[in-house]
J.: 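Pasting in a structure now, in C-alpha coordinates, and then I'll have a few things to ask.
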Amino acid sequence: MSKFKLFTSLLAFCILIGCLSACDKNDQAPTETTEDTVVDNAEAPVDGAAESTYVKSAEPTDFICIKMDSGAEIVIQLLPDKAPITVENFKKLVANKFYDGLIFHRVIDGFMIQGGDPEGTGMGGAEEKIKGEFESNGVSNDLQHGRGVVSMARSSDPNSASSQFFICQADSFFLDGDYAAFGQVLSGMDEVDRIANLPKDSSDRPENPPVMEEVYFIEEPQQ
(Lines give C-alpha, C1' and ligand atoms only; values in the text may rest on other atoms or scores of the structure.)
Protein backbone atom coordinates (compact mmCIF):
# COMPACT_ATOMS: atom_id res chain seq x y z
CA MET A 1 0.00 0.00 0.00
CA SER A 2 1.33 3.44 -0.95
CA LYS A 3 1.96 6.08 1.71
CA PHE A 4 -0.88 8.16 0.24
CA LYS A 5 -3.41 5.30 0.46
CA LEU A 6 -2.29 4.50 4.00
CA PHE A 7 -2.74 8.16 5.01
CA THR A 8 -6.25 8.41 3.54
CA SER A 9 -7.31 5.13 5.18
CA LEU A 10 -6.16 6.36 8.61
CA LEU A 11 -7.90 9.70 8.06
CA ALA A 12 -11.22 8.01 7.20
CA PHE A 13 -10.94 5.78 10.30
CA CYS A 14 -10.39 8.81 12.58
CA ILE A 15 -13.41 10.62 11.11
CA LEU A 16 -15.60 7.53 11.67
CA ILE A 17 -14.56 7.25 15.33
CA GLY A 18 -15.30 10.95 15.86
CA CYS A 19 -18.80 10.59 14.38
CA LEU A 20 -19.59 7.57 16.56
CA SER A 21 -18.54 9.46 19.68
CA ALA A 22 -20.82 12.36 18.79
CA CYS A 23 -23.77 10.02 18.21
CA ASP A 24 -23.27 8.31 21.57
CA LYS A 25 -23.56 11.66 23.36
CA ASN A 26 -26.80 12.70 21.70
CA ASP A 27 -28.53 9.33 22.01
CA GLN A 28 -28.72 9.34 25.83
CA ALA A 29 -32.42 9.06 26.60
CA PRO A 30 -33.89 11.08 29.49
CA THR A 31 -34.23 8.87 32.58
CA GLU A 32 -35.97 9.06 35.93
CA THR A 33 -34.73 6.18 38.02
CA THR A 34 -33.41 4.91 41.32
CA GLU A 35 -31.48 2.10 39.69
CA ASP A 36 -30.46 3.06 36.13
CA THR A 37 -29.15 5.28 35.46
CA VAL A 38 -19.76 23.58 24.94
CA VAL A 39 -18.91 26.55 25.84
CA ASP A 40 -21.43 28.95 27.36
CA ASN A 41 -21.76 31.74 24.82
CA ALA A 42 -25.30 32.76 25.78
CA GLU A 43 -25.82 35.66 28.13
CA ALA A 44 -28.32 35.36 31.00
CA PRO A 45 -31.12 37.91 31.15
CA VAL A 46 -30.25 40.82 33.41
CA ASP A 47 -31.65 41.06 36.92
CA GLY A 48 -34.81 43.06 37.34
CA ALA A 49 -36.41 41.81 34.12
CA ALA A 50 -39.81 43.23 33.23
CA GLU A 51 -42.84 41.74 34.96
CA SER A 52 -44.66 38.95 33.18
CA THR A 53 -47.15 39.84 30.47
CA TYR A 54 -49.00 36.59 31.21
CA VAL A 55 -52.04 36.61 33.50
CA LYS A 56 -52.05 34.07 36.33
CA SER A 57 -55.11 31.87 36.49
CA ALA A 58 -56.87 31.00 39.74
CA GLU A 59 -58.05 27.76 38.17
CA PRO A 60 -56.04 25.03 36.36
CA THR A 61 -55.67 25.62 32.63
CA ASP A 62 -53.75 23.95 29.83
CA PHE A 63 -51.20 26.77 29.86
CA ILE A 64 -48.21 26.79 32.21
CA CYS A 65 -45.59 29.45 32.92
CA ILE A 66 -42.18 28.46 34.32
CA LYS A 67 -40.59 31.55 35.87
CA MET A 68 -36.83 30.97 35.97
CA ASP A 69 -34.34 32.47 38.42
CA SER A 70 -32.86 34.32 35.44
CA GLY A 71 -36.09 36.32 35.17
CA ALA A 72 -37.00 34.60 31.90
CA GLU A 73 -40.22 32.68 31.35
CA ILE A 74 -40.97 29.45 29.53
CA VAL A 75 -44.63 29.11 28.52
CA ILE A 76 -45.98 25.65 27.79
CA GLN A 77 -49.27 24.49 26.32
CA LEU A 78 -50.38 21.12 27.68
CA LEU A 79 -52.02 18.73 25.21
CA PRO A 80 -54.48 16.45 27.04
CA ASP A 81 -55.74 15.01 23.76
CA LYS A 82 -52.28 13.45 23.27
CA ALA A 83 -51.56 12.24 26.83
CA PRO A 84 -54.49 12.81 29.22
CA ILE A 85 -53.05 10.87 32.19
CA THR A 86 -49.72 12.66 31.93
CA VAL A 87 -51.33 16.09 31.64
CA GLU A 88 -53.61 15.44 34.62
CA ASN A 89 -50.62 14.37 36.73
CA PHE A 90 -48.56 17.40 35.67
CA LYS A 91 -51.43 19.80 36.44
CA LYS A 92 -51.88 18.24 39.88
CA LEU A 93 -48.19 18.78 40.66
CA VAL A 94 -48.33 22.39 39.43
CA ALA A 95 -51.45 23.06 41.53
CA ASN A 96 -49.66 21.67 44.59
CA LYS A 97 -46.63 23.97 43.89
CA PHE A 98 -44.48 20.83 43.61
CA TYR A 99 -42.12 22.32 41.01
CA ASP A 100 -41.47 25.65 42.72
CA GLY A 101 -37.78 25.90 43.61
CA LEU A 102 -36.69 22.78 41.71
CA ILE A 103 -33.85 22.80 39.17
CA PHE A 104 -32.97 21.62 35.70
CA HIS A 105 -30.40 19.04 36.76
CA ARG A 106 -29.40 17.62 33.35
CA VAL A 107 -28.74 19.66 30.21
CA ILE A 108 -27.40 18.57 26.83
CA ASP A 109 -26.95 21.13 24.06
CA GLY A 110 -28.46 19.81 20.84
CA PHE A 111 -30.77 17.46 22.75
CA MET A 112 -32.82 18.53 25.80
CA ILE A 113 -33.00 20.00 29.31
CA GLN A 114 -34.41 17.87 32.15
CA GLY A 115 -35.82 18.86 35.55
CA GLY A 116 -38.56 18.26 38.08
CA ASP A 117 -36.67 16.06 40.56
CA PRO A 118 -37.21 17.17 44.19
CA GLU A 119 -33.81 15.66 45.06
CA GLY A 120 -32.11 17.52 42.22
CA THR A 121 -30.07 14.44 41.29
CA GLY A 122 -32.15 12.63 38.69
CA MET A 123 -32.89 9.88 41.22
CA GLY A 124 -36.11 11.23 42.74
CA GLY A 125 -39.66 12.03 41.82
CA ALA A 126 -43.21 12.39 43.08
CA GLU A 127 -44.92 9.68 45.13
CA GLU A 128 -47.33 8.61 42.40
CA LYS A 129 -46.15 6.81 39.25
CA ILE A 130 -48.25 7.03 36.10
CA LYS A 131 -48.88 4.93 33.02
CA GLY A 132 -46.54 5.68 30.15
CA GLU A 133 -48.63 7.08 27.32
CA PHE A 134 -46.64 6.04 24.26
CA GLU A 135 -46.87 3.48 21.47
CA SER A 136 -44.45 0.86 22.81
CA ASN A 137 -46.57 0.78 25.99
CA GLY A 138 -49.78 0.19 24.05
CA VAL A 139 -50.99 3.81 24.04
CA SER A 140 -51.61 5.89 20.92
CA ASN A 141 -49.73 9.21 21.09
CA ASP A 142 -48.68 10.81 17.81
CA LEU A 143 -46.98 13.89 19.29
CA GLN A 144 -43.43 13.77 17.95
CA HIS A 145 -40.38 14.87 19.93
CA GLY A 146 -39.58 17.95 17.88
CA ARG A 147 -37.85 21.08 19.15
CA GLY A 148 -39.90 22.60 21.98
CA VAL A 149 -41.90 19.47 22.78
CA VAL A 150 -42.28 18.61 26.48
CA SER A 151 -42.14 14.96 27.53
CA MET A 152 -41.77 12.77 30.61
CA ALA A 153 -38.55 11.14 31.79
CA ARG A 154 -38.71 7.59 33.10
CA SER A 155 -36.66 4.53 33.99
CA SER A 156 -36.63 1.23 32.09
CA ASP A 157 -40.08 0.56 33.57
CA PRO A 158 -42.54 2.06 31.06
CA ASN A 159 -44.89 3.04 33.90
CA SER A 160 -42.30 4.73 36.12
CA ALA A 161 -42.73 8.42 35.21
CA SER A 162 -43.78 10.73 38.04
CA SER A 163 -42.52 14.33 38.10
CA GLN A 164 -39.35 14.56 36.01
CA PHE A 165 -39.88 16.07 32.58
CA PHE A 166 -37.72 17.32 29.74
CA ILE A 167 -37.95 19.94 27.01
CA CYS A 168 -36.49 19.03 23.62
CA GLN A 169 -34.00 21.71 22.59
CA ALA A 170 -33.58 20.02 19.20
CA ASP A 171 -35.58 17.51 17.18
CA SER A 172 -35.21 14.14 18.96
CA PHE A 173 -37.49 11.90 16.95
CA PHE A 174 -35.62 8.77 18.06
CA LEU A 175 -37.62 9.11 21.33
CA ASP A 176 -40.97 8.83 19.53
CA GLY A 177 -43.04 5.88 20.66
CA ASP A 178 -41.03 5.34 23.85
CA TYR A 179 -41.64 8.52 25.87
CA ALA A 180 -44.85 10.34 26.76
CA ALA A 181 -44.82 13.70 24.97
CA PHE A 182 -47.56 15.88 26.46
CA GLY A 183 -46.92 19.55 25.70
CA GLN A 184 -45.33 22.20 23.51
CA VAL A 185 -43.35 25.35 24.36
CA LEU A 186 -45.19 28.44 23.09
CA SER A 187 -42.53 30.96 24.08
CA GLY A 188 -39.20 30.96 25.88
CA MET A 189 -37.12 28.69 23.65
CA ASP A 190 -34.34 31.27 23.90
CA GLU A 191 -34.21 30.46 27.62
CA VAL A 192 -34.20 26.72 26.85
CA ASP A 193 -31.24 27.35 24.54
CA ARG A 194 -29.45 29.34 27.24
CA ILE A 195 -29.95 26.58 29.81
CA ALA A 196 -28.82 23.87 27.37
CA ASN A 197 -25.55 25.78 26.86
CA LEU A 198 -24.69 26.29 30.53
CA PRO A 199 -21.28 25.01 31.69
CA LYS A 200 -21.68 21.52 33.13
CA ASP A 201 -19.78 18.56 34.51
CA SER A 202 -19.16 15.15 32.93
CA SER A 203 -22.62 13.93 34.00
CA ASP A 204 -24.34 16.83 32.20
CA ARG A 205 -25.22 18.59 35.47
CA PRO A 206 -24.93 22.39 35.24
CA GLU A 207 -22.21 23.92 37.40
CA ASN A 208 -24.85 26.38 38.63
CA PRO A 209 -28.20 24.60 38.11
CA PRO A 210 -30.96 26.94 36.91
CA VAL A 211 -33.93 27.16 39.28
CA MET A 212 -37.62 27.13 38.45
CA GLU A 213 -38.61 29.87 40.90
CA GLU A 214 -42.32 29.42 40.28
CA VAL A 215 -44.47 27.23 38.04
CA TYR A 216 -48.09 28.29 37.69
CA PHE A 217 -51.20 28.28 35.52
CA ILE A 218 -51.89 31.22 33.22
CA GLU A 219 -54.81 32.27 31.08
CA GLU A 220 -54.60 31.37 27.42
CA PRO A 221 -51.96 33.67 25.84
CA GLN A 222 -53.25 36.08 23.24
CA GLN A 223 -51.94 35.42 19.76
Side-chain angles (χ1 to χ4, degrees), residues 26 29-32 42 52-57 59-68 70 72-95 98-100 102-104 106-117 126 130-137 139-154 161-197 210 212-223:
N26 286 326
T31 59
E32 174 178 340
S52 175
T53 57
Y54 302 104
V55 180
K56 285 188 178 182
S57 174
E59 299 295 329
T61 70
D62 288 335
F63 299 91
I64 304 293
C65 181
I66 302 176
K67 180 67 176 293
M68 298 301 302
S70 65
E73 297 169 322
I74 302 171
V75 174
I76 295 169
Q77 180 178 5
L78 305 178
L79 301 171
D81 58 322
K82 304 296 184 181
I85 296 172
T86 307
V87 167
E88 180 182 1
N89 177 71
F90 193 80
K91 291 170 85 168
K92 179 178 68 175
L93 294 174
V94 171
F98 180 92
Y99 290 113
D100 292 8
L102 301 189
I103 65 171
F104 283 103
R106 185 170 179 238
V107 304
I108 303 177
D109 182 30
F111 184 16
M112 59 93 219
I113 63 173
Q114 181 176 339
D117 174 12
I130 59 175
K131 180 178 179 63
E133 295 178 291
F134 43 85
E135 186 176 358
S136 65
N137 201 35
V139 179
S140 177
N141 182 348
D142 62 359
L143 181 58
Q144 294 183 298
H145 288 78
R147 173 173 163 83
V149 163
V150 186
S151 189
M152 293 300 292
R154 64 175 179 85
S162 60
S163 65
Q164 290 191 44
F165 67 95
F166 61 94
I167 301 174
C168 295
Q169 189 224 1
D171 292 345
S172 302
F173 300 128
F174 63 92
L175 300 176
D176 292 350
D178 290 315
Y179 289 83
F182 67 97
Q184 173 72 52
V185 172
L186 296 182
S187 65
M189 282 304 295
D190 53 343
E191 176 68 358
V192 174
D193 290 335
R194 183 190 73 83
I195 293 172
N197 278 279
M212 295 181 275
E213 285 192 341
E214 188 179 8
V215 182
Y216 51 90
F217 297 104
I218 60 173
E219 296 180 6
E220 182 174 356
Q222 299 299 313
Q223 300 294 327

J.: Quick one: pull up CD1 in I103 and CD1 in I113 and give me the separation to the nearest 0.5 Å.
T.: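 If I round to the nearest 0.5 Å, the distance is 12.0 Å.
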
J.: Is the backbone N or O of R147 less than 3.5 Å from a side-chain atom of D171, with the two atoms forming a donor-acceptor pair by type?
T.: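 Answer holds: yes.
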
J.: Do S140 and E135 meet the criterion of a side-chain donor-acceptor pair at a distance under 3.5 Å?
T.: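 Their side chains do not contain a donor-acceptor pair, so the 3.5 Å distance test is not met.
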
J.: Quick one, L143 and F182 - any side-chain contact, counting heavy atoms below 4.5 Å?
T.: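 No, too far: nothing below the 4.5 Å cut-off.
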
J.: Compute the centroid of each ring, for F174 and then for Y179, and state whether the two points are separated by less than 6.0 Å.
T.: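 Ring centres of Y179 and F174 not closer than 6.0 Å.
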
J.: For F134, enumerate each residue passing the ring pair (Phe, Tyr, Trp, His ring centres under 6.0 Å) test, keeping only those at least two apart in sequence or located in another chain.
T.: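 Partners of F134 by the ring pair (Phe, Tyr, Trp, His ring centres under 6.0 Å) criterion come out as none, since no residue qualifies.
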
J.: Please enumerate all residues that pass side-chain contact (heavy atoms from CB on, under 4.5 Å) together with Q144, with sequence neighbours excluded.
T.: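 F173, D176.
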
J.: Please tell me if the side chains of N197 and Q169 come closer than 4.5 Å, counting only heavy atoms from C-beta onward.
T.: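 N197 reaches Q169 side chain to side chain.
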
J.: Closest approach of E73 and K67, non-hydrogen atoms and distance?
T.: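 Where E73 meets K67 most closely, the heavy atoms are CG-CD, 3.7 Å.
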
J.: For the pair S57 (side chain) and E219 (backbone), establish whether a donor and an acceptor sit closer than 3.5 Å, ignoring hydrogens and angles.
T.: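 Judged by distance alone, no pair lies under 3.5 Å.
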
J.: Could you verify whether a donor N or O on one side chain and an acceptor N or O on the other, from S163 and Y99, lie under 3.5 Å apart?
T.: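 Their side chains do not contain a donor-acceptor pair, so the 3.5 Å distance test is not met.
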
J.: For residues M68 and M212, determine if any side-chain heavy atom of one lies less than 4.5 Å from a side-chain heavy atom of the other.
T.: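 Yes. Closest side-chain heavy atoms under 4.5 Å.
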
J.: Quick one: which residue pairs count as a salt bridge (Lys or Arg N to Asp or Glu O under 4.0 Å) with a foot in residues 75-87, not counting sequence neighbours?
T.: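 Checked against salt bridge (Lys or Arg N to Asp or Glu O under 4.0 Å) - neighbours excluded - the pairs reaching residues 75-87 are K82-D142.
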
J.: How long is the span from the CZ atom in R154 to the CD1 atom in I130, to the nearest 0.5 Å?
T.: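 Nearest 0.5 Å value for the CZ-CD1 distance: 11.5 Å.
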
J.: Would you say the side chain of D117 lies within less than 4.5 Å of the side chain of F165, judging by non-hydrogen atoms?
T.: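 In short, these two side chains do not touch, never coming nearer than 4.5 Å.
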
J.: Apply side-chain hydrogen bond (donor to acceptor under 3.5 Å, both in side chains) to S136 and list each qualifying residue two or more places apart in sequence or on a separate chain.
T.: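 Here the qualifying residues are D178.
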
J.: Who passes ring pair (Phe, Tyr, Trp, His ring centres under 6.0 Å) against F63, sequence neighbours left out?
T.: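 By the ring pair (Phe, Tyr, Trp, His ring centres under 6.0 Å) rule, F63 matches no residue at all.
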
J.: Taking the side chain from N141 and the backbone from A181, do they hold a donor-acceptor pair closer than 3.5 Å?
T.: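 Judged by distance alone, yes, a pair lies under 3.5 Å.
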
J.: Show the atom names and distances, to 0.1 Å, of all donor-acceptor pairs under 3.5 Å that link a side chain in residues 83-92 to residues at least two apart or in another chain.
T.:
| from | atom 1 | to | atom 2 | distance (Å) |
| --- | --- | --- | --- | --- |
| T86 | OG1 | E133 | OE1 | 2.6 |
| N89 | ND2 | S162 | O | 2.7 |
| K91 | NZ | D62 | OD1 | 2.9 |
| K92 | NZ | E128 | OE1 | 2.4 |

J.: Measuring from T53:OG1 to I218:CD1, what's the distance to the nearest 0.5 Å?
T.: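 T53 atom OG1 to I218 atom CD1 measures 8.5 Å (nearest 0.5 Å).
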
J.: Are any non-hydrogen side-chain atoms of P221 and V75 less than 4.5 angstrom apart?
T.: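 When only atoms from C-beta onward are counted, V75 and P221 do touch, with a gap below 4.5 Å.
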
J.: Minimum heavy-atom separation for K131 to V139, with atom names?
T.: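 In terms of heavy atoms, the two residues are closest at CE-CG2, 3.5 Å.
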
J.: Is there side-chain contact between Y54 and I64, with heavy atoms separated by less than 4.5 Å?
T.: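 They are not in side-chain contact.
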
